[in-house]
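Given the structure is predicted, the values throughout are model-derived calculations rather than measurements.
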Amino acid sequence: MNKALISVAGLLLALGCDRKDNADATAKNADGITVACYYFGNYHPGDPRNERDRGKGWSEWELVKTAKPRFEGHQQPKVPVWGHEDESDPAVMARKIDAAADYGIDAFIFDWYHYDDGPFLDAPIDNGFLKAPNNRRLKFAFMWANHDWVDIFPARKDKPPQLMYPGAVTPETFGRICDLLITRYFKHPAYWRIDGKPYFSFYDLERLMASFGSVETTREALDAFRAKAVAAGLPGLHLNLVAWGNPILPNERIAGDYKQLVPALGFDSATSYVWIHHVPLDEQETDYNTVRDAYFAYADRATRDYAVPYFPNVSVGWDPSPRCHVSDPFGNFGYPFTNTIGDNTPANFEAALRMTRDRLLADPDGPRILNINCWNEWTEGSYLEPDTRNGYRYLQAVKDVFRP
C-alpha cells in the first residue's frame with residue numbers, strides 16, 4: 001500500500017468514519033500485553049432508575065453539558081467529538097468498539113451494577129455491546145460496582161448526599177447475581193477470560209464483606225460462586241479485587257489489610273480502579289506526573305506484598321467537578337468537591353503508558369495485563385473518547401505504545 005493510501009486511511013480513521021466489521025480480528029500487541037479499559041455506562045436515556053429519580057430522558061450527559069470552569073485555567077466543559085450519544089444503541093456502541101479495537105484496547109471492563117432490587121445501568125451492555133454487530137472485535141468483562149449509590153447528580157456542598165441504593169446485598173441476592181452472570185454473560189464468546197476462566201472483579205470489598213458478615217462467610221460465598229461456574233461447564237472463575245487505600249465516594253470505607261484479605265478470600269488477582277485511590281491530591285491542580293510517580297510507588301508495594309498478581313492501572317485524569325452543583329463554590333470539600341489532576345496531556349498519558357508497559361516487561365514472571373481509567377468517565381475527567389480539545393490523541397497514545 002502506498003503512502004497516499006495510508007494517509008487517506010489514517011484520515012478516515014481520525015475522522016471517526018465507520019469501517020466494516022472485522023469479526024474476531026482483535027489484534028494483540030507485540031509484547032503480549034492485554035490492555036483493558038474501564039467503561040462507565042451512565043450516558044444513555046431510558047434507564048428505569050434514572051427516569052424514576054431524575055425524569056424522562058436523563059443521563060449524565062446533562063451534567064457534562066452544564067459544567068463550567070471553577071477556577072482559573074480550568075478546562076470545562078468537556079465536549080465530545082461524537083456528540084452526546086446514546087451508548088445503549090448498538091450502532092453507537094459499534095463505533096466505540098471499532099475505535100477501541102483499532103487503537104489498541106483489547107477489552108472493556110464494564111462497571112456493572114446490581115442491587116437487592118435488581119440491575120442498574122445494564123442497557124449499554126445488554127442493548128449496546130451484546131447487540132453490536134462487531135462485538136467479537138473486543139472482549140468484555142465486568143467489575144461489580146457494588147458501592148453505595150448516592151445522590152450526587154449534582155451534589156450540593158453543604159448537603160450530605162442521600163443514600164439511594166445500598167451496595168451490600170443479601171446472600172440470596174448474591175446467589176441470583178451469580179446465576180445471572182453465569183447464564184447470561186460468562187459463556188458469551190466475547191467475554192474476557194484469563195487462562196480460560198471468566199474474569200470478574202469486585203470494586204468494594206467492605207460492602208462485599210458486609211453482605212455476608214465475616215471473612216469466612218464471604219470466602220464461602222465466593223467458593224460457591226466458583227462451584228456454580230464449574231457446574232455450568234466453565235473451567236472456573238478468575239476473581240479479581242479492586243484494592244484502594246484512599247476512599248473517594250461517600251460512604252466508602254477501607255475493608256482492612258488487603259495483604260491478608262486477598263489470600264484469605266481466595267482472589268486470583270488484584271488491581272486498581274484509579275490512581276487517586278492511592279494518592280492524595282494536595283493541590284487544586286496536582287501535577288499528573290507527580291500523581292503517576294506516587295502511584296507507581298504504591299504499585300511496587302502491591303506487586304511485592306500481595307500473594308497474587310497485581311494488574312497496574314493508568315489513569316487519564318481526574319476532575320469530578322461536573323457532578324458539583326454549579327451554584328456552589330468549588331474546593332476540596334469532599335467528593336465530588338475535590339482537587340483535580342492537572343497537566344494530564346496526551347503526551348504525559350503516553351509516557352505513563354510506556355513506563356507501565358516497561359515495568360510489566362521487566363518482570364519475566366509477572367502478569368501481562370494493565371487497565372486504563374477510563375473509556376468514558378466524562379463526569380470524573382478521565383476518558384479516552386475523543387473531545388474537541390484533544391481529538392483522538394489519547395487513543396493514539398494507546399496505539400503508539402501497544403500497536404506501534
Side-chain angles (χ1 to χ4, degrees), residues 38-45 47-71 74 76-78 84 87 110-117 119-124 143-168 203-204 206-207 242 244 246-254 273-277 280-281 284 315-341 373-383:
Y38 290 114
Y39 187 107
F40 173 62
N42 203 17
Y43 300 96
H44 61 282
D47 181 89
R49 294 179 193 262
N50 280 337
E51 297 228 325
R52 182 181 66 232
D53 299 334
R54 317 238 163 249
K56 186 173 178 59
W58 187 92
S59 77
E60 278 206 71
W61 283 132
E62 301 307 314
L63 303 184
V64 176
K65 294 174 187 176
T66 58
K68 67 178 185 179
R70 309 305 294 268
F71 50 84
H74 191 201
Q76 287 290 352
K78 311 293 188 181
H84 303 98
E87 63 192 342
F110 286 98
D111 295 1
W112 188 76
Y113 292 84
H114 200 295
Y115 296 103
D116 267 329
D117 59 348
F120 182 32
L121 303 181
D122 52 346
M143 179 199 71
W144 184 18
N146 61 324
H147 56 78
D148 288 353
W149 187 269
V150 298
D151 187 2
I152 50 172
F153 307 100
R156 302 305 304 255
K157 173 181 175 293
D158 296 321
K159 182 179 179 181
Q162 175 188 354
L163 173 62
M164 303 178 74
Y165 309 113
Y203 174 81
D204 193 328
E206 192 274 336
R207 294 286 84 197
V242 175
W244 27 275
N246 297 325
I248 301 174
L249 298 174
N251 299 352
E252 283 188 351
R253 294 178 289 273
I254 302 299
Y273 186 72
V274 66
W275 283 352
I276 68 159
H277 266 147
L281 304 181
Q284 189 168 67
S315 295
V316 180
W318 181 258
D319 177 9
S321 64
R323 286 180 169 172
C324 302
H325 200 283
V326 293
S327 67
D328 286 349
F330 184 73
N332 198 35
F333 310 129
Y335 186 93
F337 296 87
T338 75
N339 287 339
T340 66
I341 291 178
N373 180 289
C374 179
W375 181 260
N376 64 334
E377 285 272 23
W378 288 89
T379 50
E380 288 188 338
S382 192
Y383 54 89

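- Legend: residues meeting salt bridge (Lys or Arg N to Asp or Glu O under 4.0 Å) with Lys65, ordered by chain and number and at least two apart, are Glu62.
- With sequence neighbours left out, Gln76 forms a side-chain hydrogen bond (donor to acceptor under 3.5 Å, both in side chains) with Asp319.
- With sequence neighbours left out, the salt bridge (Lys or Arg N to Asp or Glu O under 4.0 Å) criterion links Asp116 to no other residue.
- Qualifying salt bridge (Lys or Arg N to Asp or Glu O under 4.0 Å) partners for Glu60, counting only residues two or more places apart in sequence or in other chains: Arg323.
- Under the side-chain hydrogen bond (donor to acceptor under 3.5 Å, both in side chains) criterion, Glu377 pairs with Tyr273, sequence neighbours left out.
- Annotation: side-chain contact (heavy atoms from CB on, under 4.5 Å) contacts of Pro160 (sequence neighbours excluded): none.
- Sorted by first and then second residue, the salt bridge (Lys or Arg N to Asp or Glu O under 4.0 Å) pairs with a member in residues 156-168 read Arg156-Asp328; sequence neighbours excluded.
- With sequence neighbours left out, the side-chain hydrogen bond (donor to acceptor under 3.5 Å, both in side chains) criterion links Tyr115 to no other residue.
- Partners of Asp117 under the salt bridge (Lys or Arg N to Asp or Glu O under 4.0 Å) rule, at least two apart in sequence or in another chain, are Arg49.
- In this view, Asp204 satisfies the side-chain hydrogen bond (donor to acceptor under 3.5 Å, both in side chains) rule with no residue, not counting sequence neighbours.
- Among residues two or more places apart in sequence or in another chain, the side-chain contact (heavy atoms from CB on, under 4.5 Å) test is passed with Pro119 by His114, Asp122.
- Applying the side-chain contact (heavy atoms from CB on, under 4.5 Å) rule to Asn50 yields the partners Asn42, Asp47, Trp58, Phe120, Leu121; only residues at least two apart in sequence or on another chain are considered.
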